[in-house]
Structures are given as structure tokens and as C-alpha cells.
Amino acid sequence: MTNPDTVTVSNFIAAIVDADVKANKNGGKVMTRFPPEPNGYLHIGHAKSICLNFDLAGDFNGLCNLRFDDTNPVKEEQEYIDSIMEDVKWLGFDWEDRLYFSSDYFEKFYEFALRLIRKGKAYVDSLSAEEIREYRGTLTEPGKESPYRNRSVEENLTLFEGMKNGEFPDGQYVLRAKVDMASGNLNMRDPVIYRILHASHHRTGDAWCIYPMYDFAHGQSDSIEGITHSICTLEFEDHRPLYDWFIDELELACHPQQIEFARLNLTYTIMSKRKLVRLVTEGYMNGWDDPRMPTISGLRRRGFTPESIRDFCDRIGVAKKASTVDVALLEHCLREDLNKRANRFMAVLKPLKVVIENYPEGDVDLLDAVNNPEDPGAGTRKVPFSKVLYIEQDDFMEEPPKKFFRLAPGREVRLRYGYFITCIDVVKDKDTGEVIELRCTYDPETRGGNAPDGRKVKATLHWVSAEHGLQAEVRLYSHLFVKENPADGKDGEDFTAHINPDSLEILDNCCVEPSLGEMKPEEICQFERLGYFCADRYDCTKEKLVFNRTVTLRDTWARLKKKS
RNA sequence: UGGGGCGUCGUCAAGCGGUAAGACACAGGUUUUUGGUGCCUGCAUUCGGAGGUUCGAAUCCUCCCGCCCCAGCCA
């Protein structure tokens, strides 16, 4: 809880709230809400909204509710409610006892509708959906009033009750607000506020067969909960006049202020729920929590920390300009967090066998390794060294280019925490010519990694003792799409055409140092020189180690290579 | 051609009439037993454009241009 006087107003919404608090609007109280529809999983765009709403409340001594906007039973499911609650909690936010559902207010909404009908501000329409569309007019032409617009209050009441009592099939009637068919704002052209839906609701079961539309539920829900600032995304800006109209016509005591901000877009991914659902149902992804998904559960499984996501949401800011944030910023926030907290280990993803010819057969040397150079408190561990090791295939080149510092024939390098070794011979497969083994010598004087004579090497390689290493599966993830904005469709292609065929590479013959055998599901770590990884939340067991690559380390060598 | 918004560095984003913050990215340098990290340096004479007001304009006015959203009985 922060003292409002010391709050740094970090965006235009906070500025509005700050001014309202200082002017003692709403008695100086602040109440916000995060209002997801349970029709899909939360993604990082929602995280922006969650952080905004909870932080706004937190910064101004207020509270933030979690409210499910569950007015459309045909699209909503309990599974989504469960996942949403889990994700919000995981992100680090707490709605305490303020878990609400729009469906809890169905009775009240019904009363509100009655009130409108009695005021002559709502009517039951017999027009079909197509007819309503035709009567609505176009962007440039005004709409026409429905012939049923002036039914008597009594007839409206009778019909609406009939709708409620299930006397009519879906689509037979709708209840519409009587606003203005000539408005330039389409939302004001007598919007439908109740439709007949003989569908079972995940919470109210079959109690209702009429359901309110978003516009007739959202603002009223806000009002009922005493929300002071109703934060939503830009596409609802056109709905604000309607939002205000309902609250005014219903003469509700609490009139929340709707404020809109631009939703988050990220490069190389998509954020639309409709598209995300397709990735899942059409089998492009292995579920909503596939580590390539921008969903909260996907990012979590990928190895992201809640702290890094919150930091990201802080840094991107809040404004009204439609924008696309470079995913590199998200990755930067991630690396910054992981660098401080991830313990380091050695893991060889694509093993190349190295035999140290002058190392005694059967000897094992337990070397000291630092767990996290950024955190002395993380301590040290022992790493076994022996005659036969694995190094990374990428760390050897038979004919090294100018700037390649790693191992090559005749060259000396350091094995991290181990010894200096020199490559004296290369063994190749007779048929394919592929390098299958390196013969090296080591310098016993360099134990730990320093030469007493002060001689330097240009590279330090990670390695794992063949005899002691553990076999592991490693899943290498990269950007889901090859195109910066897969959804722009300007090339006439469906967004699925831009899925990165290499977004997942599974390596099942990796060799990792013994201490990694202790990793618990979801535990994060760094594989030195490679990246940050986590033990897969579901698949990693003692018997079968499975690691997900969360993000690579910044790799200046890779960039150099790419340039040339 | 209706209504509602938005245009400040490659990408986000401060700025609110007194002479363009910051972050990411990028480019150099430095440190380093991770080509990681850290540290240092550089990176908008200019704010979509054109006029105008003013001693002074990204900030005020006018016109123009561009982009986004809206014609679900979705949210």
C-alpha cells in the first residue's frame, strides 16, 4: 500500500485516477476490476490489463475485483474459469474474497430490463437477426426504426416475460434498448440487450433462457460492485455512450468512469483469442499451455517468471496509440530476472565425444563450480571430470574462421572449472566424413581453469563427463511465427501460413551434469553459454529429464556469424 | 462519404508554451574461467505535413495527410 502523495503517476489513466482521488471524487476511493470472459485462456495482453487494474488499485489504496463476464453460455466453460484464476494468482495478484460473476447479477439485470421497458426505453422486437441488420443501416446511412418499436409497455412486459419463461424459440424475439436509430454511433441504434438462448449456463444451469448482452451487463456489473474506474481496451470506446446511457436511464447510484487504453500487441506472435483458439483446435499447438503460446500458462510452462512479466507490463507503458511491442523487450525483462536468480549448470545439447589421452583411465576429479556468479549466496557444487567427456558440436571446427575462438585442431581452450585441453587429433566417420570424436591432451597444472605460467586461452567451453552425465530431452523453443506481424494478412495469407516450422526442436540425446538430476518441475536454471531452461512442468521426472529452453543467452558470436 | 480514436528515434514511451526524459533494439569500447553479466560511449537541431498565434510551439489555432476501431441476437 502506497501513500497516494508519493505515487509516481506513470500513465494517463493513473493521472486521471490521481486527479480524481485528489478531488475527492467517489470519496477518494478507488475500485477497479479485471473482467475476463471465460471463453479462452489468458494471454500476455491480459497480463497488461491485470497489472494495470491491480496496480492502480494498489497504488491508490483501493481494491481490484476479479469478475467473470459470463453472459454468453454458448462460449464459456468452467475450464476457462479455473485457468484464469490460476493464472491471475500465479502472476502474483490477489482478489481476496472479491470473486464475482456477471451471472450472479442476472436477477438484477432482469429487473433493470423491466425498469427500462416501463420507462418506454426498451422494447421487444420481432425482427429476425437479418432484418435487424438491414434496419440498422450502414456506416454512412442512418438506420430505420423497427415496426415493433412502439409496442405498448404492457405488450413488451408480456412478451419479455414470455421470453424469460421459455415460451419462444431462440431468435424469435429480442429485447432492444430504444435509443436512436439515426445515431452515427452504431452501438446507439437500438442495441439488442437480451436474446433468447436455450443454453445451459456453466453457473446458472437452466435457470435462464434469456441472457443479457455485454453492453447490458458490463456497466451495470461495474455499478453494482462500486467500481470507480472501469478500464477497458480501445475497441470499447464506441460503447462508452451506451455504457453511460444505461447507467443514467437506470438511475444507478454508482456511475463508474470508463477509460480505454490500447491493447498489447507483440511482434512474432498473435494475441487474438479467436486465432489462439484455432492454433489449439486445429492442432498447430499442443494445447493452450504449449510453451510457444503467448498465453500466461504457455509462458509459465516455457519458464517465464511472474516477476519478469510484471516488469514487462510496467515498462511498456499505457497509452491510446495502437502499438506493437518488440518481443525483444519481453525477452530482455526475462533475461534480466533470470540472470539474477537462475543457478548455472553445464549441459551438452549436441554431444561431441572428447577423449583426454593423457588423463588416467578410471580417475574421477570432483571440481568446484560456482552456482550463480550473480548471487554468492547460491553456493557451489561439485562437477565430476574424467577421461571421456562430451562437448558441444558447435564448439569445434576443423577449419575455424578468423573470429572463431573455440576448439580446433592444435588449439588450446579451457573446460569450465576444469582444465586446459588441446586438440591433437580428429576422428571421423569413414563413410560420411563427419567428425565423431576428438582426441585431446590436458594440462594437469591448469586444474580449476588457470595456468600457473599465466598463459591465456580465448575460449571456455562447457562439458559433461560421459560416464557421469545424465541423459535428457531438451525442447528448444523459438518464435512461433517467422513474420513480425503474422495477422496483418496483407499478403493474402492466413496467419497459420507464417508459423515458424522450427519453433520447436526436440533434442533427445542431451547429456547434462549430474546435479541436474535433482531438478523439480518448473525449476529454472541456466545451461551455461546456452540459455535459460526450466524443468518441464508436466513431463520432467526423475526417470526422464525434460527441459524447456525458455530463452537463449544473448549470443554475439551467433550474430557475428549471421552478419558474415 | 457517418461516428469514435490515434500520429514524438527502428520499437515502446515521457513531455501539458520556455527550447526533445527513459527503456528496448542497434553500433562501438571495456571487464570477464559463460563470445553471458556488469560498466562506459554513441544513437530525434526535431516531434505526420503546411500555414498561423507568440519573444518563444511537440505543446495553442486552422487546414490537410496517414493509421486504427465500429454495421454479432460475441465480449
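Letters A, B, ... mirror the listed sequences (proteins, then strands); counts begin at 1.
For a distance-only test at 3.5 Å, the side chain of A:R559 fails to qualify as a donor-acceptor partner of the base of B:G35. Judged by distance alone, with hydrogens and angles left aside, A:E374 brings a side-chain donor or acceptor within reach of the base of B:G36, the pair sitting under 3.5 Å.
Among the nucleotides B:C6, B:A75, B:A25, the one closest to any side-chain atom of A:K321 is B:C6. When distances run from any side-chain atom of A:Y214 to the nucleotides B:C24, B:A75, B:U34, the shortest one goes to B:A75. Between B:G36, B:C24, B:G35, one nucleotide has an atom nearer to the side chain of A:F404 than all others, and that is B:G35.
Put simply, A:T267 has no side-chain N or O that comes within less than 4.0 Å of OP1 or OP2 on B:U11.
Under the 6.0 Å distance and 45° angle rule, A:R549 does not count as a cation-pi partner of A:Y532. A cation-pi arrangement is present between A:K164 and A:Y110 under the rule of less than 6.0 angstrom and at most 45 degrees off the ring axis.
In terms of position along RNA chain B, the nucleotide closest to A:D238 lies nearer the 5' end than the nucleotide closest to the other residue of the pair A:D238 and A:V192. Place A:P212 and A:R529 on RNA chain B by their nearest nucleotides, and A:R529 ends up nearer the 5' end.
Ion pairing between A:D443 and A:R455 holds under the 4.0 Å rule for side-chain N and carboxylate O.
Comparing the same atom, P, in B:C40 and in B:A23 gives a spacing of 11 Å after rounding to whole Å.
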